[in-house]
Protein chains: 2
Amino acid sequence: MQATIQDVAAKAGVSISTVSRAFTRPDMVSDRTRAKVMRVADELDFNISRSAATLKSGRTNRVAMLMNDGITSWFNAATLAGLESVLHPAGYDIALFPHIDTAQTRQRFFETLPIRRNVDAVFVASFAIDPHEVEQLKRAQVPIIGINTPDIDGFDASVSIDDEQGMLMAAQHLIKLGHRHLVYVCADAVHTLSASIDKREQGFRRACETAQANGIALDWQVISVPRDQSALASISSPQALSAILSRLLELDTFPDAICCQADMIAIPLMLRLERYGKRTPRDYSIIGFDDSTYADVLGLTTIRQDPQTMGADAARKALRLIAGKPLDDAHEIAPVSLMPRNTDDVVDR
Amino acid sequence: MQATIQDVAAKAGVSISTVSRAFTRPDMVSDRTRAKVMRVADELDFNISRSAATLKSGRTNRVAMLMNDGITSWFNAATLAGLESVLHPAGYDIALFPHIDTAQTRQRFFETLPIRRNVDAVFVASFAIDPHEVEQLKRAQVPIIGINTPDIDGFDASVSIDDEQGMLMAAQHLIKLGHRHLVYVCADAVHTLSASIDKREQGFRRACETAQANGIALDWQVISVPRDQSALASISSPQALSAILSRLLELDTFPDAICCQADMIAIPLMLRLERYGKRTPRDYSIIGFDDSTYADVLGLTTIRQDPQTMGADAARKALRLIAGKPLDDAHEIAPVSLMPRNTDDVVDR
DNA sequence: TTGAAAGCGTTACCAG
DNA sequence: CTGGTAACGCTTTCAA
């Protein structure tokens with residue numbers, strides 16, 4: 001029923017070697033021969049079998065992407081899109097391993113190590129793996145590439161933003177506008193190991209402390225609420241959000257500036273605050289992080305990162321690593337930038 | 001370097017057949033033998049090679065997912081998550097084919113048919129394929145499963161929502177609340193073939209016409225703006241949105257109810273309208289479609305669909321089809337439901 | 001530029 | 001329950 005390379009070779013009157021080359025090394029075959037082979041192949045609905053090709057060649061043409069939460073999260077979806085954009089054209093499939101943040105999934109993965117002998121590279125997106133896990137991963141004997149991993153120990157390559165620097169930039173921006181009562185709001189995962197975004201708080205703290213050290217009278221604090229029970233919940237569950245909101249409204253004096261761990265927190269927060277009569281930028285400034293869905297159309301001032309480009313960069317590094325080529329910049333820091341929009345303003349007194 | 005099944009067999013003192021069975025048919029091997037095999041396998045970092053297994057078995061353990069726009073769109077990401085949740089545990093990889101909506105990508109796909117002989121099933125998400133393309137796809141000789149495809153001709157199975165019914169429900173809800181001046185807003189793709197969401201307009205029209213036929217004096221219209229030039233743009237590009245906004249504000253009398261083709265339009269729209277002094281539900285009611293990101297936290301009344309569940313259902317159907325088992329419900333209509341929240345209210349006169 | 005031949009590492013059939 | 005053995009459909013030297 002399904003034609004094999006033999007059938008094509010026979011019908012085209014060439015050897016199977018030639019058919020193989022017509023597909024994988026077109027330049028090694030004369031134009032005439034190749035044209036004939038391709039025509040016959042099409043007539044016979046023939047195509048090179050990946051299974052056979054990968055078996056013979058030793059490469060699996062497959063990579064794994066380990067991720068913190070779900071495929072649907074803004075960061076993961078964008079990163080995947082980036083990986084896919086360079087890996088697919090290069091002939092690779094991407095095996096997805098979502099929710100490595102749940103204890104069960106994570107343990108099962110690192111115990112059974114399903115990728116062993118079956119991928120050419122492993123991508124780790126936005127969470128940290130501990131030394132023991134690094135050891136396990138290394139048993140797969142393939143390059144390990146990190147994308148926004150808090151640490152680069154054990155990784156053959158990585159592309160990450162400087163989360164701390166980004167949030168520092170955000171807080172400094174607000175301070176420069178004249179704000180003196182700053183709050184940082186975040187939802188921290190309970191059971192999960194450290195994720196890249198946990199570093200953002202440090203940036204906020206550093207900005208405030210530096211300002212104070214420079215004689216600026218600043219009133220600042222961090223409001224941290226636990227992330228929802230379920231590790232599968234997004235960072236901005238209704239519960240987490242309500243918790244943040246009430247903590248904010250309980251404050252003796254409402255802050256004049258709010259730094260949010262992520263847009264996913266900033267956006268619902270500013271919309272909810274509106275119902276309490278707090279309008280931005282009239283009553284307070286607010287700044288997000290990520291520049292994710294709706295940030296532009298809502299006019300949210302934020303720190304922009306571009307996970308799709310980061311994914312594409314990471315994929316290119318992987319390709320080189322797989323090919324055994326050297327990497328001039330194994331560990332790359334991707335840029336973040338301030339996107340000034342309409343939720344921040346100078347303080348006038 | 002890498003251990004093969006031979007090495008494991010030798011070290012465990014069994015035949016390679018036994019090693020193979022220990023992995024793929026555990027119940028056909030005695031507990032003792034299996035334990036020993038698995039221990040040795042782990043010591044040797046051995047794992048069954050997919051390439052070899054798929055070559056020999058004839059199955060590719062791979063499926064393709066064709067999608068309209070990008071991986072990052074709310075619908076596609078959720079659908080993929082659903083597919084993945086059942087396909088991954090079953091041992092399948094998912095090859096992604098995004099942006100089949102751009103003429104170039106689409107043409108290349110259907111001409112080269114890269115899936116031929118290399119997938120066990122094909123999923124088509126949320127766009128229509130024409131008869132010729134169906135023919136091409138069929139040459140792959142594998143089950144074709146649709147997810148929210150406008151048409152089910154040529155598909156072996158499908159799971160879809162009733163887009164028309166959903167929007168009918170939305171409009172009827174607003175009419176029942178007493179609204180008499182309704183507008184439907186949508187952004188329609190220019191170059192793309194029909195997508196499932198294009199049917200929603202019909203539901204709106206039918207609701208209005210039916211109401212009128214029943215003697216309700218209704219004033220209604222459809223505001224349709226072209227989607228952004230770039231086929232890669234989301235349905236709610238800033239341009240499309242601005243166009244909708246001005247069309248709306250140009251109206252002689254502002255509508256008391258707005259039905260939106262998607263939440264992606266409703267959400268930015270309601271937030272922009274607020275800047276023009278139009279507040280919902282005080283000044284008008286607005287209803288979205290999808291129940292996508294932020295709809296809940298923003299309190300947007302909408303029509304809910306669950307693409308993740310739909311993806312999982314589609315995947316289960318595919319698995320049966322691949323196994324040659326019959327399908328009791330090849331073509332399934334997934335439910336939609338009205339999610340009443342805070343952007344709609346009864347009209348008091 | 002093309003052909004012949006030797007496997008790649010499994011699965012599955014058939015015996016025992 | 002276990003072992004022997006013949007493929008599966010290619011890629012890749014090596015020669016011509």
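Naming convention: chains lettered A, B, ... in sequence-line order (proteins, then strands); numbering from 1 in each chain. Heavy-atom basis, side chains included; hydrogens, waters and symmetry copies ignored.
- B:D42 and B:R39 are not joined by a salt bridge, as no carboxylate oxygen comes within less than 4.0 angstrom of a charged side-chain nitrogen.
- Residues B:T60 and B:D120 bring a donor and an acceptor atom of their side chains to less than 3.5 Å of each other.
- Using a cut-off of 4.0 Å between Lys/Arg side-chain N and Asp/Glu carboxylate O, B:E135 and B:R139 are scored as not salt-bridged.
- Using a 4.0 Å heavy-atom cutoff across all strands shown, A:F46 reaches sugar-phosphate atoms only and no base atom.
- Between A:D31 and A:R34 there is a salt bridge, since at least one side-chain N of the basic residue sits less than 4.0 Å from a carboxylate O of the acidic one.
- Summarising the geometry, the separation between CG on A:D27 and C1' on C:dT2 is reported as 15 Å, rounded to the nearest angstrom.
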In B/S/- notation (B base, S sugar-phosphate only, - none; protein heavy atoms under 4.0 Å), nucleotides 11-16 of chain D written 5' to 3' is BB----

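- The CD-C1' distance, from A:Q6 to D:dA7, rounds to 12 Å in whole Å.
- Spacing between atom CG of A:N47 and atom P of D:dG9 amounts to 14 Å, rounded to whole angstrom units.
- Near DNA chain C, meaning a heavy atom under 4.0 Å from it, residues 32-41 of chain B has no residue at all.
- B:K138 places a side-chain N or O within 3.5 Å of a backbone atom of B:G154 that can act as its donor or acceptor partner.
- Ionic pairing of B:R106 and B:D130 is not present here: no N-O contact between side-chain nitrogen and carboxylate oxygen is shorter than 4.0 angstrom.
- Nucleotide C:dG7 holds its P atom 14 Å from the CG atom of A:L55, rounded to whole Å.
- Side-chain N/O atoms of B:T18 include one lying less than 4.0 angstrom from OP1 or OP2 on D:dG3.
- For the 3.5 Å distance criterion, the side chains of B:S15 and B:T18 qualify, holding a donor opposite an acceptor.
- Remark: B:D156 does not engage B:K317 in a salt bridge, criterion side-chain N to carboxylate O under 4.0 Å.
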